[in-house]
A.B. asks: 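Below: one structure in structure tokens.
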Number of protein chains: 2
Amino acid sequence: MPGIPEKKSILDDLAGRGLRLTSQRRAIVETIQDAQGHLDAATLLKLAQKREPRVNRATVYRTLDLLKRLRLIDELDLMHLEGEKHFYETRSKSGHFHLACLSCKKILEHDTPTFARLKQEVSDETGFSIDVVRLEVGGQCPACRNLSGGNSPLKDREVL
Amino acid sequence: MPGIPEKKSILDDLAGRGLRLTSQRRAIVETIQDAQGHLDAATLLKLAQKREPRVNRATVYRTLDLLKRLRLIDELDLMHLEGEKHFYETRSKSGHFHLACLSCKKILEHDTPTFARLKQEVSDETGFSIDVVRLEVGGQCPACRNLSGGNSPLKDREVL
DNA sequence: CTGCTGTTGCAACTGATTCGCAAATAGATA
DNA sequence: TATCTATTTGCGAATCAGTTGCAACAGCAG
């Protein structure tokens, strides 16, 4: 069973497949790997350009698409809290899932053994070979629950 | 604990909140409720216009947004198999999740008790009050696995 | 160092969704 | 039933994320 790619290996992986290590790809990949949070394409472009000013928007999208298809990164929607853009993280961080607080917009990462079991069960029960699992939870974090007075998280006046 | 809205009750729910039951809303809501599969906004527009020709695209989006915020429908991404559009289903069908075959693009609905347990655990472990859970699995269905000769589902030549 | 081929930049394009505003109308009220 | 008014709608333009065609560029194998 192949291991999940480690910190520095995405570029190695690309090279190993005969793909060219351009300065643009280097900048983009390193930006993703060094990033703390979840990057969207526009942010990734800006950060990558600090390392290599010649990075173009189209190249960012093309590289993200490449890394996605090679399963070196995961694409997240994060419950569309900030519009329809996507977010990305290295696959090495995989295994967890994301909780989005609909009030304060914070993203929390979480994991529990049941998640792994669920994946196994789904595979067993359906016969699917699973490539990607995207689990996203939207709700209200403990802090925001308290602020809103312990009420149901979404009252009419907040919703309408 | 309020029950999950039943077949005919979305319009009642809207009325109960003092929202106006326009012919457009009726057409859109009934279309969603009567639909068999998963509707995207464009398809919903076309189908709703068969019931009420005066339905406009903007109204479809506004109504979907309203129903989403009232938690009467769920929004799905279905792994972006067909572009970036979203799909919708009534919340009464909730509880299951979706498996998308990356080869034949078919969508399979599935459920397993572990899914419910997972939600409960997440809530207990994180203190989140959960409003929406979106679980989507991408992979290859049994039929497509056989067609591709039992190999790993995504070989280089398919990916690059 | 050269050439072949994979990559890139550019700018125009697409497709989904949103917006501002004037006109229409559901539903409460008289 | 006629009237009133806040809500909802249609329209078309705008936005936003992501994509594309093509000529120029640049890894890297030889």
Side-chain angles (χ1 to χ4, degrees), chain A residues 11-29 31 38-46 48-49 51-70 73 75-88 156-157 159-160, chain B residues 10-29 38-46 48-49 51-70 73 75-88 156-157 159-160:
Chain A
L11 290 171
D12 296 342
D13 194 305
L14 296 181
R17 292 168 186 272
L19 294 164
R20 291 184 185 165
L21 297 189
T22 65
S23 62
Q24 290 90 332
R25 278 182 181 163
R26 254 185 266 273
I28 292 167
V29 166
T31 301
H38 303 108
L39 294 174
D40 62 278
T43 306
L44 174 55
L45 172 62
K46 240 187 280 183
Q49 283 177 329
R51 295 170 189 254
E52 167 52 270
R54 292 179 304 167
V55 176
N56 184 271
R57 187 160 45 97
T59 301
V60 167
Y61 281 110
R62 285 190 278 235
T63 303
L64 285 173
D65 189 54
L66 176 69
L67 298 176
K68 242 189 302 175
R69 282 181 290 120
L70 292 175
I73 58 173
E75 183 179 64
L76 316 169
D77 291 311
L78 299 185
M79 297 310 281
H80 306 299
L81 278 187
E82 304 177 46
E84 299 305 328
K85 61 190 164 202
H86 298 137
F87 296 85
Y88 302 89
D156 270 15
R157 76 196 60 114
V159 160
L160 296 180
Chain B
I10 290 187
L11 290 171
D12 295 344
D13 194 304
L14 296 180
R17 292 166 186 272
L19 294 164
R20 292 187 182 164
L21 296 189
T22 64
S23 62
Q24 290 90 333
R25 279 183 180 161
R26 256 186 264 271
I28 292 167
V29 166
H38 303 107
L39 294 174
D40 63 278
T43 305
L44 174 55
L45 171 63
K46 240 187 278 182
Q49 282 176 331
R51 295 170 188 255
E52 166 52 271
R54 292 180 305 166
V55 176
N56 185 272
R57 189 160 36 96
T59 301
V60 167
Y61 281 109
R62 284 189 281 236
T63 303
L64 285 172
D65 188 56
L66 177 68
L67 298 176
K68 242 189 300 177
R69 284 181 289 120
L70 292 174
I73 58 172
E75 184 179 66
L76 315 169
D77 290 311
L78 299 185
M79 298 309 280
H80 307 299
L81 278 189
E82 304 177 46
E84 299 304 327
K85 61 190 163 201
H86 297 136
F87 296 86
Y88 302 89
D156 271 17
R157 76 197 60 116
V159 159
L160 295 180

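Protein chains get the first letters and strands the later ones, always in sequence-line order, with residue 1 at the start of each. All of these numbers come straight from a predicted model, not from anything done at the bench.
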A.B. asks: Which atom names give the shortest non-hydrogen contact between A:A41 and A:V60, and what distance separates them?
C.D. replies: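 Heavy atoms only, the tightest pair is O-CG1, 3.9 Å.
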A.B. asks: Rounded to whole angstrom units, what separation is found between the CD atom of B:E52 and the P atom of C:dA24?
C.D. replies: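 Between P of C:dA24 and CD of B:E52: 16 Å.
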A.B. asks: Check the side chains of B:T43 and B:D40 for a donor-acceptor pair under 3.5 angstrom, ignoring hydrogens and angles.
C.D. replies: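 Side-chain D/A pair, B:D40 to B:T43: present.
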A.B. asks: Using a cut-off of 4.0 Å between protein heavy atoms and nucleotide atoms, how would you tag nucleotides 19-30 of chain D 5' to 3' with B, S and -?
C.D. replies: BBB----BBS--
A.B. asks: Give the minimum heavy-atom separation between B:H38 and B:F87, together with the two atoms involved.
C.D. replies: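 Taking B:H38 first and B:F87 second, the nearest heavy atoms are O-CD2, 3.6 Å.
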A.B. asks: Taking atom P of D:dG18 as reference, at what distance in whole Å does atom NE2 of A:H80 sit?
C.D. replies: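 It is 11 Å, rounded to the nearest whole Å.
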A.B. asks: Rounded off to whole Å, could you give me the CG-to-C1' distance for the B:N56 and D:dA13 pair?
C.D. replies: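 In whole Å, D:dA13 C1' and B:N56 CG are 13 Å from each other.
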A.B. asks: What I want to check is whether the side chains of A:E52 and A:S23 have a donor and an acceptor closer together than 3.5 Å.
C.D. replies: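 Per modelled atom types, A:E52 and A:S23 side chains form a pair under 3.5 Å.
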A.B. asks: Please report the distance, rounded to the nearest Å, between CG in A:L14 and C1' in C:dT8.
C.D. replies: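 After rounding, the reported distance stands at 16 Å.
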A.B. asks: If I take atom CZ in residue A:R17 and atom C1' in nucleotide C:dG6, what distance separates them, rounded to the nearest angstrom?
C.D. replies: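 Those two atoms, CZ and C1', are 16 Å apart.
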A.B. asks: Report which part of the nucleic acid A:A42 touches: base, sugar-phosphate, or nothing (heavy-atom distance under 4.0 Å, all strands).
C.D. replies: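 Nothing, no nucleic acid heavy atom in range.
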A.B. asks: In this structure, how many angstroms lie between the C1' atom of C:dT17 and the CZ atom of B:F87, rounded?
C.D. replies: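 It works out to 15 Å between those atoms.
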A.B. asks: Roughly how many Å is it from CG in B:L66 to C1' in D:dT8, rounded to a whole number?
C.D. replies: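 Distance check: B:L66 CG to D:dT8 C1' gives 11 Å.
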A.B. asks: Look only at the side chain of B:R26 and the backbone of B:L21, and say whether a donor-acceptor pair between them is shorter than 3.5 Å.
C.D. replies: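 Yes, because the side chain of B:R26 sits within donor-acceptor range (under 3.5 Å) of the backbone of B:L21.
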A.B. asks: Quick one: B:E82 CD to C:dA16 P, roughly how many Å, whole number?
C.D. replies: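 My rounded result for the distance is 10 Å.
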A.B. asks: Could you report the tightest heavy-atom contact between A:L45 and A:N56, atom names first, then the distance?
C.D. replies: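 That would be CD1-C, 3.8 Å.
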A.B. asks: Return no unless some side-chain N or O of A:H86 is found under 4.0 Å from OP1 or OP2 of D:dA17.
C.D. replies: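 Looking at the OP1 and OP2 atoms of D:dA17, neither is under 4.0 Å from any side-chain N or O of A:H86.
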